[in-house]
Engineer: 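This is the structure, below, for whatever I ask next.
The figures that follow rest on heavy atoms only: side chains count, while hydrogens, waters and symmetry mates do not. The shown structure was predicted, so the numbers you read here are calculated from the model rather than taken from an experiment. In listed order, ligands and their atoms are each counted from 1.
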Amino acid sequence: MTHSMHFAAVENTTLFRGVDTGLIRELFESRNLETPMMLMSRAEVGRNYEALKAALPRVGIHYAVKSNNEHAIIDEVYARGGNFDVCSAREIDTVLRTGVAPASLIHSHPIKTVSEFDYAVAKGVEIYVIDNAEEINKLQRYADKKLKFMIRFRIKTETTAVVNLQYKFGCTVEEVLPLARAIEAAGHEFYGLCFHIGSQCIYAANYVKAIDAAHDLIHALDMAGLNMRLLDIGGGFPVEYTEPIPSIEELCAPIREALAKKIRPGIKLICEPGRFISASPVTLVSSVIGKAERDGKVWYYLDDGLYSTFSGIVYDHCTYPVVTYRHGNEKLSVLAGPTCDSFDVMYDGLMIPELKVGDAIVFPMTGAYCAASACDFNSLKRPGYNLID
Ligand SMILES: Cc1ncc(COP(=O)(O)O)c(C=O)c1O
């Protein structure tokens with residue numbers, strides 16, 4: 001494994017983009033730290049927002065709240081003119097605090113419970129996503145309203161993102177036209193198309209292929225007299241964890257070109273980034289709470305684990321960089337979490353200098369899909385967020 005690093009080797013790199021490394025050094029040097037804790041940089045949220053905006057100037061940003069619902073992220077996105085992709089009643093409430101107009105939100109969940117649907121409609125959310133005919137049967141309840149529906153389609157790609165989001169949702173391109181007609185027949189408005197090419201996607205070609213498919217679909221919809229207003233190109237924009245990735249500018253250049261060539265100016269464009277906005281602003285500081293030697297390896301038990309921040313390893317299939325501070329011979333090591341479950345092991349086979357109980361270990365890039373999937377197993381302390389700027 002190559003993703004463990006000594007602080008001295010990375011303190012002047014972009015790994016700690018969101019955090020003053022003086023603060024990290026202080027945390028490493030102080031004892032009796034109140035850990036686990038998350039350091040959150042609101043300024044880094046703003047930098048990410050602007051980087052994506054610069055890479056896709058024609059595309060509006062609807063931050064995917066599911067990746068991290070911290071208020072500081074939501075407030076910064078809103079302050080910069082961004083909007084939101086929401087999936088549930090609680091996500092709606094979280095973003096409405098900002099004053100954002102409910103009618104401008106995208107409710108992106110293709111399968112909604114009736115109570116979730118009722119709540120969103122009652123709150124004034126107007127734009128929804130659909131990918132199947134059964135969902136249209138639920139629309140009879142809203143006969144007094146004219147809601148707007150986007151159709152989510154999927155395409156086949158040669159490569160897949162780290163998280164495949166074309167498996168559970170998305171109709172085939174052949175199903176789009178009948179669904180659009182059914183939406184209109186139900187008295188609502190067919191509003192546009194959307195796709196999600198997968199999360200942590202480093203392949204611009206997959207976005208381009210979906211944009212090509214959208215282009216052909218728009219032609220067919222035009223012919224059928226169905227008015228295409230909005231194309232939502234989803235999320236998926238990647239961040240650098242432990243492997244190099246294309247820069248956002250590199251990834252987006254072909255996407256920008258495809259949009260310019262294939263999607264006429266009258267169609268509004270949006271995207272739904274989660275990870276790209278929320279991953280790098282957050283850094284986890286955890287402490288070694290126990291230590292043992294087993295089978296030739298040094299086992300370190302930390303105060304955060306797979307049931308909390310590192311749930312991202314399980315559900316998001318990501319591995320986070322590990323930054324240590326002590327010098328010395330590197331030993332084959334294991335990092336395990338604080339619960340009593342043997343499954344609660346995050347890293348097995350790391351080479352790191354020997355640590356002591358009480359030492360801190362720092363994990364940058366822990367903002368996306370980490371706290372989001374954490375649970376209360378063993379009722380242990382979960383890290384709170386500390387705003388650092
Ligand atoms: C519908 C939808 N939009 C946006 C996102 C955010 O994706 P990402 O974090 O890859 O940008 C997701 C992630 O699951 C999603 O399901």
Side-chain angles (χ1 to χ4, degrees), residues 45 48-49 51-53 55-56 59-70 73-74 77 82-88 91-92 94-95 105-112 116 120 125 127-132 135 149-155 157 159-171 191-204 206-207 210 214 230-241 245-246 248 251-252 255 269-282 311-312 314-318 320 365-373:
V45 174
N48 292 343
Y49 182 94
L52 186 56
K53 191 79 214 136
L56 293 174
V59 183
I61 294 179
H62 282 243
Y63 170 61
V65 176
K66 60 182 80 65
S67 76
N68 190 321
N69 62 9
E70 271 297 303
I73 302 179
I74 285 159
V77 166
N83 208 306
F84 304 99
D85 145 25
V86 291
C87 278
S88 67
E91 287 189 1
I92 292 169
T94 305
V95 302
L105 301 174
I106 303 290
H107 193 300
S108 68
H109 205 317
I111 311 276
K112 295 162 277 300
E116 283 280 351
V125 178
I127 310 174
Y128 296 87
V129 168
I130 224 164
D131 71 356
N132 67 91
E135 198 74 358
F149 288 92
M150 317 266 299
I151 298 177
R152 176 162 165 180
F153 68 93
R154 71 187 137 96
I155 54 157
T157 54
T159 47
T160 40
V162 170
V163 185
N164 181 359
L165 290 173
Q166 299 206 100
Y167 169 57
K168 186 173 166 190
F169 296 119
C171 65
Y191 199 60
L193 297 173
C194 58
F195 57 82
H196 198 309
I197 213 63
S199 196
Q200 183 72 359
C201 178
I202 57 170
Y203 308 109
N206 295 357
Y207 289 92
L230 184 65
L231 174 64
D232 177 351
I233 66 168
F237 308 100
V239 299
E240 188 157 325
Y241 290 107
I245 54 152
I248 196 67
L251 180 90
C252 289
I255 302 175
L269 297 172
I270 61 164
C271 61
E272 297 173 356
R275 181 188 314 279
F276 186 79
I277 302 286
S278 65
S280 66
V282 181
S311 56
V314 180
Y315 295 109
D316 195 36
H317 318 291
C318 283
Y320 311 97
M365 308 296 292
T366 40
Y369 307 108
C370 288
S373 47

Engineer: Which residue owns the protein heavy atom closest to atom 10 (O) of ligand 1, what's the atom, and how far is it?
Structural biologist: Ser199 OG, 2.4 Å
Engineer: Are any of the N/O atoms on Ser67, whether in the backbone or the side chain, positioned under 3.5 angstrom from an N/O atom of ligand 1?
Structural biologist: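 Among all N and O atoms of Ser67, none is under 3.5 Å from an N or O of ligand 1.
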Engineer: Could you label the plane-to-plane angle of the Phe237 and Tyr207 rings as parallel, tilted or perpendicular, counting under 30° as parallel and over 60° as perpendicular?
Structural biologist: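 Plane angle under 30°, so parallel.
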Engineer: For ligand 1, find out whether one of its N or O atoms is nearer than 3.5 Å to an N or O atom of Gly236.
Structural biologist: yes
Engineer: Using a strict 4.0 Å cut-off to heavy atoms of Leu165, name the atoms of ligand 1 that fall inside it.
Structural biologist: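 What qualifies from ligand 1 is 13 (C), 14 (O).
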Engineer: Counting the benzene-type ring for Trp, do Tyr369 and Tyr315 have ring centres under 6.0 Å apart?
Structural biologist: no
Engineer: So how far is it from Tyr63 OH to Asn83 CG, rounded to the nearest 0.5 Å?
Structural biologist: 13.5 Å
Engineer: When you look for heavy atoms under 4.0 Å from ligand 1, do you find them on the side chain of Val129, its backbone, both, or neither?
Structural biologist: neither
Engineer: Is the contact between Glu272 and ligand 1 made by the side chain, the backbone, both, or neither, using heavy atoms and a 4.0 Å cut-off?
Structural biologist: both
Engineer: Report the nearest protein non-hydrogen atom to atom 13 (C) of ligand 1: residue, atom name, distance rounded to 0.1 Å.
Structural biologist: Tyr369 OH, 3.3 Å
Engineer: Could you pull out the closest heavy-atom pair between Asn48 and Ile277, with the gap in Å?
Structural biologist: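 It is ND2-O, 3.2 Å.
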Engineer: For Lys66, is there an ion pair with Glu91 - N to carboxylate O distance below 4.0 angstrom?
Structural biologist: no
Engineer: Under 4.0 Å from any heavy atom of Ala64, which atoms of ligand 1 are there?
Structural biologist: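 So the answer, numbered in order with elements, is 4 (C), 5 (C), 6 (C).
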Engineer: Taking only heavy atoms of Arg275, which atoms of ligand 1 are found under 4.0 Å from at least one of them?
Structural biologist: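 Close to Arg275: 8 (P), 9 (O), 11 (O).
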Engineer: If you apply the rule ring pair (Phe, Tyr, Trp, His ring centres under 6.0 Å), what do you find for Phe84 with His62, and how did you get there?
Structural biologist: CA-CA 4 Å; Phe84 304 99; His62 282 243; 7.9 Å; no
Engineer: Report yes if some heavy atom in the side chain of Ile270 is under 4.5 Å from a heavy atom in the side chain of Ile233; otherwise report no.
Structural biologist: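 When only atoms from C-beta onward are counted, Ile233 and Ile270 do not touch, as no gap falls below 4.5 Å.
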Engineer: Between Val163 and ligand 1, which part of the residue brings a heavy atom under 4.0 Å of the ligand: side chain, backbone, both or neither?
Structural biologist: neither
Engineer: Quick one: does any side-chain atom of Asp85 pair with a main-chain N or O of Ala64 as donor and acceptor, under 3.5 Å?
Structural biologist: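 No; zero donor-acceptor contacts below 3.5 Å.
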Engineer: Show which atoms of ligand 1 fall inside a sub-4.0 Å distance from at least one heavy-atom site of Asp85.
Structural biologist: 2 (C), 3 (N), 4 (C)
Engineer: When you check the side-chain N and O atoms of Asp316 and Ser373, is any donor under 3.5 Å from an acceptor?
Structural biologist: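 Asp316 vs Ser373: no donor-acceptor pair found between side chains.
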Engineer: So, taking the atom named CD in Gln200 and the one named CD1 in Ile245, what distance separates them when rounded to the nearest 0.5 Å?
Structural biologist: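 Here the interatomic distance stands at 6.0 Å.
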Engineer: Show the atoms of ligand 1 that are less than 4.0 angstrom away from any heavy atom in Pro273.
Structural biologist: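 Those of ligand 1 that fall under 4.0 Å from Pro273 are 11 (O).
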Engineer: Between Gly274 and ligand 1, does any nitrogen or oxygen pair lie at a separation below 3.5 Å?
Structural biologist: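 Such a contact does occur with ligand 1.
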Engineer: How does Arg152 reach ligand 1, if at all, at less than 4.0 Å between non-hydrogen atoms: by side chain, backbone, both, or neither?
Structural biologist: side chain
Engineer: What residue and atom, counting heavy atoms only, is the protein's closest point to atom 16 (O) of ligand 1, and at what distance?
Structural biologist: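 For this ligand atom, the closest protein heavy atom is Lys66 CE, 3.8 Å.
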Engineer: Return the closest protein heavy atom for atom 7 (O) of ligand 1 as residue, atom name and distance.
Structural biologist: His196 NE2, 2.9 Å
